[in-house]
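Have a look at the structure below, then the notes.
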Amino acid sequence: MAWTRDEMASLAAQDLSDGFYVNLGIGIPTLVANYIPADVDVTLQSENGILGLGPFPLDNEVDADLINAGKQTITELDRTSYTSSADSFGMIRGGHIDLSILGAMEVSETGDLANWMVPGKMVKGPGGAMDLVAGVRRITVLMDHVDKAGVAKFRKACTLPFTGRNVVDKIITNFAIFERPDRESPFQLKKIAPGMDAEGIRKMTEAHYTE
Amino acid sequence: MQKICDSAEEALAGKTFDGMMVASGGFGLCGIPETLIEALVASGTKNITAISNNAGVDDFGLGRLLRTRQISKMISSYVGENKEFERQYLAKELEIEFCPQGTLAERMRAGGAGIPGFYTKTGVGTLIAEGKETKTFNGEEYLLETGLVADLAIVKAWKGDPYGNLVYRKSARNFNPMAAACGKFTVAEVEEIVGPGELEPDHIHTPGIFVQRLVLATRNEKRIEQRTVRTGAV
C-alpha cells in the first residue's frame with residue numbers, strides 16, 4: 001500500500017523542529033501544515049511577504065489583502081509580520097529559513113531538482129522555487145515515486161530543465177523515503193511504505209542510492 | 001508641490017509613451033493598481049514592456065492590457081492563470097523574460113537604489129543563468145543579475161497622504177514598495193487619502209520621495225483567485 005498524500009505530509013511534518021521557520025510549497029506540501037506536532041512551535045513563511053501564516057479563514061473572515069503564495073485566502077496570527085517581496089526573499093536567499101518542502105517533477109541522484117518547466121509545453125515560470133532551493137538551508141521534496149506513465153521520478157539525471165543543482169536533502173515519495181546527511185553523500189533508502197519491499201523500490205527507481 | 005490628482009487619467013497625463021517600460025506592484029491579483037491599469041488601457045499606450053511578478057487573469061489586472069495588445073514584453077516570475085497570455089505567447093506575439101521571483105524583487109529594489117547589478121546564487125546551473133556572467137565567492141558560484149529601472153511605476157497602497165507617503169495593508173504590500181522605488185516616475189493609487197501628519201512617521205512603508213503623483217483609487221474590486229475557507233467547527 002502506497003502512502004496517501006496526507007500520510008506523505010504527515011511523514012514530512014516529523015522533521016519539523018521546535019522554533020523552525022518553514023516555507024511550504026504549493027500542492028501536497030501545503031498539507032504538512034495540518035500535521036505539525038502539538039509540542040513543536042513552527043512559524044510558516046509565505047514568499048509573498050508573510051512570516052507567521054495562520055489557517056484558512058472562516059467564510060466571514062475572508063480578506064482579499066491576505067493571501068498566501070498559492071493565492072489562497074489565509075489568516076494572520078499573533079506573531080505575524082508582513083514584509084515586501086524583497087525583504088521576504090532576503091529571508092529566503094539569506095539562509096534564514098530552516099526548511100522548505102516542495103513538489104517535484106524529477107530529482108536526480110545528486111540532488112538536482114526539476115519542477116518548473118516541460119519543454120514544448122506552456123511554461124508558467126519558476127515563481128519562487130529557484131530562490132527557495134538556492135537559499136533555504138534544507139530542502140525536502142514530496143512527489144509521486146513514478147509519473148503517470150510509470151517512469152521513475154528519482155533518476156540518475158534530470159531530463160527536464162533544472163530548478164537547482166545539488167539542492168535536495170530528502171525525498172518523500174508515496175512508496176519510500178530517501179535522505180542524505182550532506183550534499184556530498186549519496187541518498188540512502190530510509191523507510192518503505194507498508195506492503196512494499198526494498199526490491200520493489202529498486203525496480204521503480206532509476207537513481208543510485210544506498211540501502 | 002501638488003501630488004494629488006483628481007483622476008487616474010490626470011495622474012498619468014504626459015507620462016506615457018509607446019515602447020515604455022512600466023513596473024507594476026502586486027502579487028497575483030493582490031495589491032494590484034486596478035485604477036491605474038484601467039487608465040493605462042484608456043491611454044492607448046502601445047509596445048509596453050511590463051515588469052510585474054504576474055500577468056493578471058484574462059479580464060482583470062494586467063490581463064486587461066494584454067487583451068488590448070498594449071504589452072509586447074513581460075518581465076515576470078510566473079504567468080499562469082491567463083489564457084490570452086498563453087495564446088499570444090505561443091503565437092510569438094508576446095515576449096517573456098522569466099525571472100525568479102526573489103531575483104525580480106531584488107532587481108527592482110536594486111534599480112531603485114542605484115545598484116546596476118548584484119550577484120545571487122538563485123538560478124545557477126539553470127536556464128536562467130544562460131548568457132549571464134558568474135563569479136565565485138567563498139568557493140560558491142553566483143550569477144550577475146541587473147537592476148531594473150522603469151520609465152513609469154504604478155502601485156497600489158492602502159493609505160497615502162498629500163506628500164506621497166504610503167502605507168500598504170497586509171500581503172497587498174508585496175512588490176509595491178520596490179515598484180515605487182524603481183520608477184523614474186511613480187504614480188500611486190490609494191484606497192484612502194489622509195491629511196498631513198495622519199500617518200505615523202514610524203509606520204510609513206514608502207516615503208513620499210518615491211511617489212510623484214497620487215490618486216484616490218476608484219476601482220477596489222480586489223478579486224480573489226483562490227477563495228479558500230475552513231468550516232467553523234474547531
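Only this structure's heavy atoms are used, side chains among them; waters, hydrogens and symmetry mates stay out. We name chains A, B, ... by the order of the sequence lines, and we start the count at 1 in each one. Everything numeric here is computed off the predicted structure, so don't read it as measured data.
Looking at B:E221, there are no atoms closer than 4.5 Å to chain A (heavy atoms on both sides), in backbone or side chain. Looking at B:P100, the atoms closer than 4.5 Å to chain A (heavy atoms on both sides) sit in the backbone and in the side chain alike. For B:V79, the parts lying under 4.5 angstrom from a heavy atom of chain A are both the backbone and the side chain. Neither the backbone nor the side chain of A:D112 comes within less than 4.5 Å of any heavy atom in chain B. Looking at A:E61, the atoms closer than 4.5 Å to chain B (heavy atoms on both sides) all sit in the side chain, from C-beta outward. For B:N54, the part sitting under 4.5 Å from any heavy atom of chain A is the side chain, from C-beta outward, and nothing else. Looking at A:S46, there are no atoms closer than 4.5 Å to chain B (heavy atoms on both sides), in backbone or side chain. Of the atoms belonging to A:V123, heavy atoms from both backbone and side chain fall under 4.5 Å from chain B. Contacts of B:Y168 with chain A are absent, with no heavy-atom separation under 4.5 Å from either backbone or side chain.
Note that the OG1 atom of B:T103 and the CE atom of A:M130 stand 9.0 Å from one another [nearest 0.5 Å].
Residues of residues 8-16 of chain A having a heavy atom under 4.5 Å from any heavy atom of chain B: none.
A salt bridge links B:R227 to A:D59: one of the charged nitrogens lies within less than 4.0 Å of a carboxylate oxygen.
Most heavy-atom pairs under 4.5 Å with chain B, from the set A:A64, A:G49, A:G90, A:G135: that is A:A64. Residue with the most contacts toward chain B among A:A86, A:A134, A:S85: A:S85 (heavy-atom pairs, distance under 4.5 Å). Ranked by non-hydrogen atom pairs under 4.5 Å with chain B, the options A:G125, A:A69, A:P161 are led by A:G125. For the options B:E86, B:M108, B:H205, B:K121, heavy-atom pairs under 4.5 Å to chain A are most numerous at B:E86. Per-residue heavy-atom pair counts under 4.5 Å with chain B were compared for A:G128, A:P55, A:S84, and the maximum is reached by A:S84. Each of A:T163, A:D63, A:T75 has some count of heavy-atom pairs under 4.5 Å with chain B, and the biggest count is that of A:D63.
Smallest separation of non-hydrogen atoms from B:F98 and A:K124: CE2-O, 3.4 Å. Residue A:G164 comes nearest to B:T126 through the heavy atom pair N-CG2, 4.1 Å, listed as atom of the first residue, atom of the second, then distance. Between A:K71 and B:E225, the shortest heavy-atom contact is CG-OE2, 3.5 Å. Residues B:S171 and A:I67 come closest through the heavy atom pair OG-N, 3.0 Å. Among all heavy-atom pairs drawn from A:M122 and B:Y89, the shortest one is SD-CD2, 3.6 Å. Nearest heavy-atom pair across A:D131 and B:T122 is OD1-CG2, 3.2 Å.
Heavy atoms from other residues, nucleotides or ligands lying under 6.0 Å from CD of B:E141 number more than 12.
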Would A:F89 and B:T120 satisfy side chain to side chain contact (heavy atoms under 4.5 Å, CB included), going step by step from the backbone distance to the final call?
CA-CA 11 Å; A:F89 279 95; B:T120 176; over 6 Å; no
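Residue A:D65 forms a salt bridge (charged side-chain N to carboxylate O under 4.0 Å, His left out) with just one option from B:R223, B:R173, B:K222, and that option is B:K222.
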